[in-house]
Every structure is written in C-alpha cells, then in structure tokens.
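All remarks here apply to the structure that follows.
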Protein chains: 2
Amino acid sequence: MRRDVFQAIADPTRREILGLLAQNPQNINAVADRFPTSRVAISKHLKILMECGLVVVQQQGRERICEAQPEKLQEVADWVEQYRQFWNEKLDSLEQYLAKIQNKDADNS
Amino acid sequence: MRRDVFQAIADPTRREILGLLAQNPQNINAVADRFPTSRVAISKHLKILMECGLVVVQQQGRERICEAQPEKLQEVADWVEQYRQFWNEKLDSLEQYLAKIQNKDADNS
DNA sequence: TACATTTGCAACCGATTGGTTACACAAACT
DNA sequence: AGTTTGTGTAACCAATCGGTTGCAAATGTA
C-alpha cells in the first residue's frame, strides 16, 4: 500500500501527533495518552506516518520510540511553493490597485 | 460542511485540477475533458476546492468559469514552515558529522 | 420554436477511513 | 513464577470518499 505524504497530513490527529513527536520522541503509549481515542487508533495513525517516512521508530526493549522526521514535508513545501509566485503577483496587483484608488481619493479631496 | 485545505489537497486529482486552473481559468466541462473520469466526479472535486477557498467561480451566462485562488495554501505553507528549523538542524548536524568523518579519513590516509 | 450545451442534483455503489473491542505475546518488574 | 506493561493483530462497524448513471433546468443557437 503506497502511502502519500499529502494524504498522511490530511488528518488533523496525525498532524498533532507529528507536532508532539517533533517536540520530543516518545513511545506509542505516551502518544496515545495525549488523545481521547484508543491506543489502537493512534497506533494506526503512527503506522501511516511511518509508511510515508514522516516518523521513524527505534525499538528499545519492549518499547518503540517514535521520532518525527519532517524532511519528507519538503515534498509538500515544493508543491505549495510553485503557487507562491502566482499568489504574490495577485497580491502585488491588488496593492497597486489600492495605491491607485488611494491616490485618486487624495486627488478628489 | 466545513472543508479543510489539507484534506482538499490530499487528493491527487484535486491537486492536478488546481494546477490546470492556475495556468488558465476555464469552465467545468473544460476541466472535466482533461480527465478520464466523468464530469460529475470532477464537479464534486471542484465543489470541495471551492468550499475551502482554493478555487473561485464566476458565473458567465450558462458557464461557470473556475479560477485558482492558491492564497489559501498559505495555511499549508505555514504549517510546514514550523518544521523547517527542525529538519535544517538535523541536516546541519549530519553535515558536521560527515565533515568530521571526512577529516578523520584524511588523517588516516 | 426546436435543439444543443452547460450544469446541478439525487440515488446508488464499492472501497477506504477512522474508530472500536477482544485477544495474544514478549519484555520487564516483584 | 506470577504480574504488569507495551505493543501487534484480527474482526468488526458506521461514515465518508470517489465514482457512476439518470434526470431536470437554464442558457445559448439554428
């Protein structure tokens, strides 16, 4: 089952989990304790995050320490970035428009 | 029904639609013609993109011209950006590590 | 007026999603 | 040795998703 970063971060719980793990790595139960849902549900979310490389796990005895690996978010950043120019241009022309009508207003006053 | 930008861009077809509309605005049938799926399916995707503000529509007679409004991607950019420092730090320490073992290697040669 | 085009909406469908409970099992304490 | 702790897996469930077909309605055009 091929996992996709965009799909992984679509769920707000998974985004929150990534936030927690970025602050400090911790085992699965510790993560699950922070949410109202069951351990199994969180475990499934973690599995998805692992499958797309946003989280890595390190076995330590019976515990599995999960760590955030947000480099994979680069793919998302790149995709968004291609629209940056697009919306900056629109904002620029809006600014020019606003500047123009402000000047006009000043002329009329 | 509250739509969320993260959920909207999770689907590859919707990301592609946004790409098409960023190149040039066009009506719903024109978009649908670019995909192997039915018009209704594309129409549903467009509805989701509209509901979260990534696409705006302008009625023109019987046609509805769809236009990309990628400003809403700022929310995604902001979320990703908060992890930038995190992964830059990791890359930095990797670089330092690589530099270190390279020096060691040079010493040994 | 008759016809073609563009679109929305309702009903349906199979697959996926996010969740649950129940059970199993190895690692670590007492 | 017995018990607690951390985790995986299987079976199930309701809701959502991405897709379909069929029909209706409004706007253009011949």
Side-chain angles (χ1 to χ4, degrees), chain A residues 1-21 23-69 72 76 79, chain B residues 1-21 24-69 76 79:
Chain A
M1 189 188 323
R2 190 67 215 98
R3 291 292 180 178
D4 158 29
V5 183
F6 287 91
Q7 186 255 332
I9 64 170
D11 185 273
T13 302
R14 283 196 289 269
R15 290 200 298 277
E16 219 177 315
I17 291 177
L18 202 64
L20 281 178
L21 295 180
Q23 283 169 36
N24 53 312
Q26 51 201 283
N27 71 28
I28 297 179
N29 276 348
V31 176
D33 285 347
R34 306 291 225 87
F35 294 89
T37 52
S38 73
R39 172 187 60 89
V40 181
I42 299 300
S43 196
K44 284 184 181 178
H45 282 309
L46 278 168
K47 194 173 187 180
I48 291 171
L49 290 169
M50 294 167 203
E51 280 172 355
C52 73
L54 282 172
V55 164
V56 287
V57 182
Q58 171 195 0
Q59 191 87 27
Q60 222 165 75
R62 68 185 163 190
E63 297 183 43
R64 307 187 69 196
I65 310 298
C66 306
E67 190 177 348
Q69 192 123 37
K72 285 289 160 58
V76 178
W79 183 79
Chain B
M1 192 187 320
R2 188 70 214 95
R3 290 292 179 178
D4 158 28
V5 183
F6 288 91
Q7 187 257 329
I9 65 170
D11 186 273
T13 303
R14 282 195 290 269
R15 290 201 298 277
E16 217 178 316
I17 291 176
L18 202 62
L20 280 178
L21 295 180
N24 53 311
Q26 51 203 284
N27 72 28
I28 296 180
N29 276 349
V31 177
D33 285 346
R34 304 292 224 87
F35 294 89
T37 52
S38 72
R39 172 187 60 87
V40 182
I42 299 299
S43 197
K44 284 183 183 180
H45 282 310
L46 277 168
K47 195 173 187 181
I48 290 171
L49 289 169
M50 293 168 202
E51 280 172 355
C52 72
L54 283 172
V55 164
V56 287
V57 183
Q58 170 196 2
Q59 191 86 28
Q60 220 165 77
R62 69 185 161 189
E63 296 182 44
R64 307 187 69 196
I65 311 297
C66 305
E67 189 178 347
Q69 192 123 39
V76 179
W79 183 79

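To find a chain, count down the sequence lines: A is the first, B the second, and so on, and within it residues start at 1.
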Counting only non-hydrogen atoms, which of residues 24-33 of chain A are less than 4.0 Å from DNA chain D?
A:N27, A:I28, A:N29
In whole angstroms, how far is the P atom of D:dT7 from the CD atom of A:Q58?
13 Å
Any B:R62 side-chain N or O less than 4.0 Å from OP1/OP2 of D:dT29:
no
From B:R3, B:Q69, B:K44, B:R14, residue fulfilling side-chain contact (heavy atoms from CB on, under 4.5 Å) relative to B:L49
B:R14
Whole-Å distance separating the CZ atom of B:R14 from the C1' atom of D:dG19:
13 Å
Does A:Q58 offer a backbone N or O that forms a donor-acceptor pair with the side chain of A:Q60 under 3.5 Å?
no
Candidate nucleotides D:dT9, C:dA10, C:dT17, ranked by approach to the side chain of A:Q7 - the nearest
C:dT17
Does B:S38 make a side-chain N or O approach to OP1 or OP2 of D:dT20 shorter than 4.0 Å?
yes
Within this structure, what is the CD-to-C1' distance between A:E63 and C:dA28, rounded to whole angstrom?
10 Å
Can a side chain N or O of A:Q59 be found less than 4.0 Å away from OP1 or OP2 on C:dA27?
no
Hey, could you give me the CZ/CD1 distance between B:R34 and B:I17, rounded to the nearest 0.5 Å?
11.5 Å
d(CZ, B:R39; P, D:dC23) in whole Å:
14 Å
Would one find a side-chain N or O of A:H45 under 4.0 angstrom from OP1 or OP2 of C:dG19?
yes
Less than 4.5 Å apart, any side-chain heavy atom of A:V76 and any of B:F6?
no
Which nucleotide in the list C:dG19, C:dT21, D:dT20 gets nearest to the side chain of A:A41?
C:dG19
Rounded distance in Å - CG (A:L46) to C1' (C:dT17):
16 Å
note: B:F35, atom CZ; D:dT20, atom P; distance rounded to Å ~ 13 Å
Euclidean distance, atom CD1 of residue A:I48 to atom P of C:dG19 [Å, nearest integer]
10 Å
Taking the side chain from B:R15 and the backbone from B:I9, do they hold a donor-acceptor pair closer than 3.5 Å?
yes
Using a 3.5 Å distance criterion without hydrogens, assess whether the side chain of B:Q26 forms a donor-acceptor pair with backbone atoms of B:I28.
no
Do the non-hydrogen side-chain atoms of A:L20 and A:F35 ever get within less than 4.5 Å of each other?
yes
By nearest-nucleotide position on DNA chain C, the 5'-leaning member of A:V40 and A:Q60 is A:V40
Atom NZ of B:K44 to atom P of D:dC17: distance rounded to whole Å?
11 Å
Taking only the side-chain heavy atoms of B:K47 (C-beta and beyond), determine which of C:dC9, D:dG18, C:dG19 contains the nearest atom.
C:dC9
